[in-house]
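Computed from heavy atoms alone, side chains included, the values below leave out hydrogens, waters and symmetry copies. As the structure is a computational prediction, the values presented were derived from the model and not from experiment.
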Amino acid sequence: MKIKLKDITELTVTESSTATKITADFSSVEDIENFRKKLTDENLSAFRYIKDDTGEIIGEYKNYTFETVSYLYSEEKSVFEASFNIRQLSNIEVRLAAVEAGQTTQNDAIAEMSEVIYSE
């Protein structure tokens, strides 16, 4: 199965992946880090697991955040097995993010207006 992040990044994951743990095999630690960098709050605001062969959606999730990553090298498979722990944001965290985004927009508009007023 695969995980598909909001920015359309796709990764083949193991069947043991869940809503709170993404598990996958990687050929290098750098590949693990590159995928970890994709696990932003924006990309985890909407993601899904899909079946490889049919594209059928197995599960859809919203408003998650990255917590930790752990990995080990499997000599048997000659790959790094990584687990990315994520959690769902609380309603308060979601609301706070929306307020902060709105405040940033408002601050930018005020700054722009003051530039126009004081430049004349």
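Atom NZ of Lys62 and atom CZ of Arg48 lie 8.5 Å apart (nearest 0.5 Å). In this structure, CG on Leu11 lies 10.5 Å from CE on Met1, to the nearest 0.5 angstrom. The distance from atom CG of Asn107 to atom CD of Gln103, rounded to the nearest 0.5 Å, is 4.5 Å. Taking CG of Leu5 as the start and CD of Glu10 as the end, the distance is 9.0 Å to the nearest 0.5 Å. A distance of 10.5 Å separates CD in Glu33 from CZ in Phe26, rounded to the nearest 0.5 Å. Within the model, atoms OG1 of Thr9 and CD1 of Ile3 stand 10.0 Å from one another, a figure rounded to the nearest 0.5 Å.
Using a 4.5 Å cut-off on side-chain heavy atoms (C-beta onward), Phe47 and Ile86 make contact. Contact check for Asp7 versus Lys38: side-chain heavy atoms found under the 4.5 Å cut-off. A 4.5 Å side-chain heavy-atom check between Asp52 and Lys2 finds at least one atom pair inside the cut-off.
Residues in residues 95-110 take part in no salt bridge (charged side-chain N to carboxylate O under 4.0 Å, His left out) pair, two or more places apart or across chains.
Closest non-hydrogen pair, Tyr49 versus Ser17, comes out as OH-CB, 3.6 Å. The nearest pair of heavy atoms linking Gln88 to Tyr64 is N-CD2, 3.4 Å. The two residues Ser114 and Ala111 have their closest heavy-atom pair at OG-O, 2.8 Å. Minimum interatomic distance between Ile58 and Lys51 (heavy atoms only, all atoms of both residues): CD1-CG, 3.6 Å.
By the neighbour-count criterion of 12 heavy atoms within 6.0 Å, atom CD1 of Ile110 is densely surrounded, having more than that number from other residues, nucleotides or ligands. In this structure, Glu75 places its CD atom where only 12 or fewer heavy-atom neighbours from other residues, nucleotides or ligands lie under 6.0 Å away.
For the pair Glu115 (side chain) and Glu112 (backbone), a donor-acceptor distance under 3.5 Å is absent.
Hydrophobic cluster membership differs between Val94 and Leu39, with clusters built from Ile, Leu, Val, Met, Phe, Trp and Tyr side chains linked at under 4.5 angstrom. Under the 4.5 Å side-chain contact rule for hydrophobic residues, Leu89 and Leu96 do not share a cluster. Under a hydrophobic clustering in which Ile, Leu, Val, Met, Phe, Trp and Tyr are joined whenever their side-chain heavy atoms come within less than 4.5 Å, directly or via other members, Val29 and Val13 fall into the same cluster.
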Test log, rule side chain to side chain donor-acceptor pair (under 3.5 Å), inputs Thr14 and Thr23: CA-CA 6 Å; Thr14 67; Thr23 57; 2.2 Å; yes
Under the criterion side chain to side chain donor-acceptor pair (under 3.5 Å), I'd like the reasoning laid out for Thr68 against Asn85: C-alpha separation, chi angles, the key distance, then a yes or no. CA-CA 5 Å; Thr68 62; Asn85 296 305; 2.9 Å; yes
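Electrostatic pairing of Glu67 and Lys21 does not count as a salt bridge here, judged by no charged N lying under 4.0 Å from a carboxylate O.
In this structure, Phe80 and Tyr71 have perpendicular ring planes: the angle between them is above 60°, well past the 30° mark. Using a 30° and 60° split on the angle between ring planes, Phe84 and Phe35 fall in the perpendicular class, above 60°.
The side chain to side chain contact (heavy atoms under 4.5 Å, CB included) test applied to Lys77 returns Asp25, Ser74, Val79, Glu81, not counting sequence neighbours.
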